[in-house]
Amino acid sequence: MKIVGHNLTTKESFYFFEIAKGLWITSRHFIYNMYFHIAHLLGKYPEVPAAVTVQYPEEKVPLSRRWRGRHRINARPDGSPRCVACMLCETVCPVQCIHIVAGEHPDPAIEKYPVSFEIDVTRCCWCGMCEEACPVDALYMDTGKSPEPGFSREDLLYRKEQLVKEMPLPGCQRSLNAPGQGPMEANPLGL
Amino acid sequence: MCLDVIITLLKIAIVFGFVLNVAAILSWAERKQSAVMQDRIGANRADVLGFRIFGLFHPIADTIKMLTKEDWVPPAGDAFIHTLAPFLALFTALVVFAVIPFGDTLHIAGRDIPLQIADLNVGILFIVAFGGLGFYSVVLAGWSSENKYSLLGSIRAAAQLISYELALGLSIVGVVMAYGSIELDDIVRGQGQYVLGVIPYWGIVAQPLGFILFFTAAMAETKRVPFDLPESESEIIGYFTEYSGMKFGAFWMGEFIEVISVAGVVTALYFGGWQIPFLSNQGIFIPGLFTIPLPHLLVVLLQVSAFGLKVLFFCWFMLLVRWTLPRFRYDQLMAFGWKFMVPLALVNIVVTGLIKYVF
Ligand code: SF4
Ligand code: SF4
């Protein structure tokens, strides 16, 4: 490790001038921003921003197409989740927040289905590994929604029934199949 | 007799009403000012019936939050002292204002009302003494919490406060020498003179070095950035870690009140108190040229508002410093206090003495 030192010059070691310089920088920002805040109140120069803040719930920045938001499960044309309970997402999840109970599906070609599927978003770190791991085009994080606050842990447990109803954000859809419709053959594994 | 009591109570109501309201508004101003300085917007969400008025409801929302929060006393700690400490912090900060004159003597209906709550003849000593008592709140808070980190925080605080108290006291000596009195009222009156007939003989003119030393030491006494080692909310654990609810709020408000007290003392000692240059009891005057007479009541009103404005200016300035400078390291803090401030304060006294002797 190389430590880069800086010995104070005589003028700097008085602190006083450096402090005055620092105060001038912050005051300059204060005066500039205050001028435009007041101008905005009077309806002048609306195009010059006085702050970089985005007032979040009212204003939103456009999301990237690859933004990882709340999870959703893609549905088959009959509305049941495409998930085949392969447990890949549960295994890959670094914080172990996905809990799946598998059951036998009546269709022998599908083999398994999730009896229950829960994502505990209090623990999720939004890494997106579950989305990448899913082999059957089922789990996606393209809803464009942030997790909402809840009053209990129960509120923050997203279940299969809820996840399958979520829709992708228009323009950001990453799944091959639109939820609930589309030819089954488009599924990479033909499921 | 009865009237005297009423007048005194009225003065107390006015002064403490001003101080406490400004303290609440400072908590708002601190958020807003820092936000504007950093190109942000700052707290603006608290609303009543859809009105936000620039976030001015936040101090009220904060108070409601603090009052309704759980008030927790550490079971191993000393409940009585734990409760006493925040009150002490508030009290010592607030009581300083009792001796600060906020206006000239008011002549009304044949009465002379000094606009100062208590005209103590030990003025400055009273301020220093109560500034010193402020240590107790810090030390008791850390000690009674029965938490070793709080205790360490309060030890840091005590060491810092004692070091800077010395520089603070020594820098005041310069003012006392310059005006020849330790009564604040006399000092403020002394600042009504003029050097060479035109420059008001304010403390800053008489004691420029003393002012810088006093202001720095006083900022250290308020325990705020760049001297916030006692509390250091961002990483080291401070002395009021074990406080919650309104007791924490008392420390928090105490700090703002301390800011106002320091602003008041600085105004009284170095910035002419209620004096306005070229405004005397007779009215506006330009020395040697002319005088415009003004009614007595208007003059007093102008002077009281001048005092208020000066205090507000220094509050604003201290917030500016707080949001500009980073914190000292502890060894730098001690070295700065003992090796820089104290010797300079002593030099200041010697130079003041020499000047007094020569002229
Ligand atoms: S995004 Fe990451 S943390 Fe969240 S459920 Fe998927 S794998 Fe787990
Ligand atoms: S990886 Fe996909 S198919 Fe496998 S359990 Fe998870 S969601 Fe279901």
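Only this structure's heavy atoms are used, side chains among them; waters, hydrogens and symmetry mates stay out.
- Sorted by first and then second residue, the side-chain hydrogen bond (donor to acceptor under 3.5 Å, both in side chains) pairs with a member in residues 83-93 of chain A form an empty list; sequence neighbours excluded.
- Using a 4.5 Å cut-off between heavy atoms, B/Leu325 contacts chain A through its side chain alone, with no backbone atom that close.
- Residue pairs meeting the salt bridge (charged side-chain N to carboxylate O under 4.0 Å, His left out) criterion with at least one partner in residues 144-154 of chain A, sequence neighbours excluded, are A/Arg70-A/Glu148, A/Lys145-A/Glu166, A/Glu154-A/Arg159.
- Atom CD of A/Glu161 sits in a crowded spot, with more than 12 heavy atoms from other residues, nucleotides or ligands closer than 6.0 Å.
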Between chain A and chain B: donor-acceptor pairs at under 3.5 Å:
residue	atom	partner	partner atom	Å
A/Thr26	OG1	B/Thr324	OG1	2.8
A/His29	ND1	B/Asp39	OD1	3.1
A/Asn33	ND2	B/Val36	O	2.6
A/Asn33	ND2	B/Asp39	OD1	2.6
A/Val52	N	B/Asp39	O	2.9
A/Thr53	OG1	B/Ile41	N	3.2
A/Gln55	OE1	B/Asn44	ND2	3.4
A/Gln55	OE1	B/Arg45	NH2	2.8
A/Glu58	OE1	B/Arg45	NH1	3.4
A/Glu58	OE1	B/Arg45	NH2	3.2
A/Glu58	OE2	B/Arg45	NH1	2.9

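- The number of heavy atoms from other shown groups lying within 6.0 Å of CZ (B/Phe313) is above 12.
- Here B/Val173 pairs with B/Met177, B/Ile349 under the side chain to side chain contact (heavy atoms under 4.5 Å, CB included) rule; sequence neighbours left out.
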